[in-house]
Colleague: 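Input: one structure, supplied below.
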Amino acid sequence: MKKLLACVLAVLFTGTASLRAESDAGGEYGIGKQFYQDKCRFCHGIKGNGKGPASEPLLGHPVDFTDPGFWRNSVDKKIADTIKNGKEMMPAFDLKQDAIKAITYYMSHTFKKNVKE
């Protein structure tokens with residue numbers, strides 16, 4: 001009986017640890033998605049293609065995150081620098097590093113397609 005209880009507890013613990021790891025990744029994705037929708041979607045679009053509802057009047061279009069060229073060369077740093085400092089028509093945003101990391105995580109898991117690094 002004790003062995004059975006120990007096995008059940010071991011399985012429950014392992015399952016809980018696995019679910020926690022998945023929810024952490026999903027949590028960062030969800031947090032990043034929320035920040036993207038609140039701060040980026042209006043110009044960059046829900047699909048990340050630079051065709052958001054506010055993109056038409058801008059000089060040129062916002063960056064297209066679905067373009068494989070965007071994802072080459074230190075993209076995490078490029079995203080963080082642009083969020084912190086702004087670029088051309090894009091204003092700077094005062095976000096904590098965790099928020100920037102979550103946005104980057106969301107973007108890379110949503111818009112990055114078949115890019116060879």
Side-chain angles (χ1 to χ4, degrees):
M1 183 67 169
K2 287 182 181 181
K3 285 184 180 182
L4 179 61
L5 181 58
C7 287
V8 169
L9 288 174
V11 169
L12 286 174
F13 177 77
T14 304
T16 303
S18 172
L19 287 174
R20 189 176 323 136
E22 289 174 16
S23 73
D24 287 349
E28 185 169 27
Y29 181 88
I31 291 167
K33 181 178 182 178
Q34 189 61 54
F35 273 111
Y36 181 88
Q37 289 178 345
D38 292 346
K39 307 287 186 194
C40 313
R41 171 182 60 95
F42 199 60
C43 295
H44 292 281
I46 195 75
K47 295 179 181 179
N49 58 5
K51 297 179 181 175
S55 66
E56 279 303 313
L58 298 176
L59 301 174
H61 284 283
V63 172
D64 178 356
F65 302 134
T66 64
D67 177 2
F70 173 79
W71 294 101
R72 292 190 183 100
N73 304 325
S74 304
V75 72
D76 291 357
K77 182 177 177 358
K78 177 172 47 176
I79 293 170
D81 288 348
T82 304
I83 291 171
K84 290 179 196 173
N85 304 314
K87 185 176 181 181
E88 297 169 4
M89 301 271 313
M90 181 178 153
F93 290 94
D94 186 22
L95 296 176
K96 295 187 184 307
Q97 189 60 36
D98 288 347
I100 293 171
K101 183 180 173 195
I103 292 170
T104 304
Y105 183 89
Y106 170 75
M107 289 171 57
S108 68
H109 286 81
T110 304
F111 308 126
K112 185 176 178 179
K113 307 273 190 230
N114 302 320
V115 177
K116 294 182 182 184
E117 301 194 34

Colleague: Return the set of residues passing salt bridge (charged side-chain N to carboxylate O under 4.0 Å, His left out) with K77 (not counting sequence neighbours), or none when no residue passes.
Modeller: D81
Colleague: Please name all residues satisfying side chain to side chain donor-acceptor pair (under 3.5 Å) with D76, sequence neighbours left out, ordered by chain then number.
Modeller: none
Colleague: Go through the structure and list residues passing side-chain contact (heavy atoms from CB on, under 4.5 Å) with A92, not counting sequence neighbours.
Modeller: none
Colleague: For D98, which residues count as a salt bridge (charged side-chain N to carboxylate O under 4.0 Å, His left out) partner, sequence neighbours excluded?
Modeller: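 D98: no salt bridge (charged side-chain N to carboxylate O under 4.0 Å, His left out) contacts found.
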Colleague: Walk me through it: do L58 and C43 pass the test side-chain contact (heavy atoms from CB on, under 4.5 Å)?
Modeller: CA-CA 9 Å; L58 298 176; C43 295; 4.1 Å; yes
Colleague: Applying ring-ring contact (aromatic ring centres under 6.0 Å, His included), can you list everything that pairs with Y36, at least two apart in sequence or on another chain?
Modeller: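 Here the qualifying residues are Y106, F111.
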Colleague: Working to the nearest 0.5 Å, report the span between NZ of K101 and CD1 of I79.
Modeller: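 Separation between the atoms: 13.5 Å.
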Colleague: Quick one: list whatever passes side chain to side chain donor-acceptor pair (under 3.5 Å) with Q34, sequence neighbours left out.
Modeller: D38
Colleague: Residues two or more places apart in sequence or in another chain: which of them pass side chain to side chain donor-acceptor pair (under 3.5 Å) with T110?
Modeller: Y29
Colleague: Tell me every residue that passes side-chain contact (heavy atoms from CB on, under 4.5 Å) with V63, counting only those two or more places apart in sequence or in another chain.
Modeller: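 With sequence neighbours excluded, V63 shows a side-chain contact (heavy atoms from CB on, under 4.5 Å) to H44, F65, F70, given in chain and number order.
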Colleague: Give me each pair satisfying side chain to side chain donor-acceptor pair (under 3.5 Å) with a member in residues 46-65, each pair once, sequence neighbours excluded.
Modeller: D64-T66
Colleague: Side-chain contact test, heavy atoms from C-beta onward, threshold under 4.5 Å: evaluate it for K78 versus R72 and give yes or no.
Modeller: no
Colleague: In Å, rounded to the nearest 0.5 Å, how long is the span from SG of C40 to CE of M107?
Modeller: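 Going from the SG atom of C40 to the CE atom of M107 covers 6.5 Å.
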Colleague: Listed by chain and number, what are the side-chain contact (heavy atoms from CB on, under 4.5 Å) partners of L95, not counting sequence neighbours?
Modeller: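 If we apply the side-chain contact (heavy atoms from CB on, under 4.5 Å) test to L95, skipping adjacent residues, the hits are F35, K39, I83, F93, A99, I100, I103.
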Colleague: Check whether more than 12 heavy atoms from other residues, nucleotides or ligands sit under 6.0 Å from atom NZ of K33, and answer yes or no.
Modeller: no
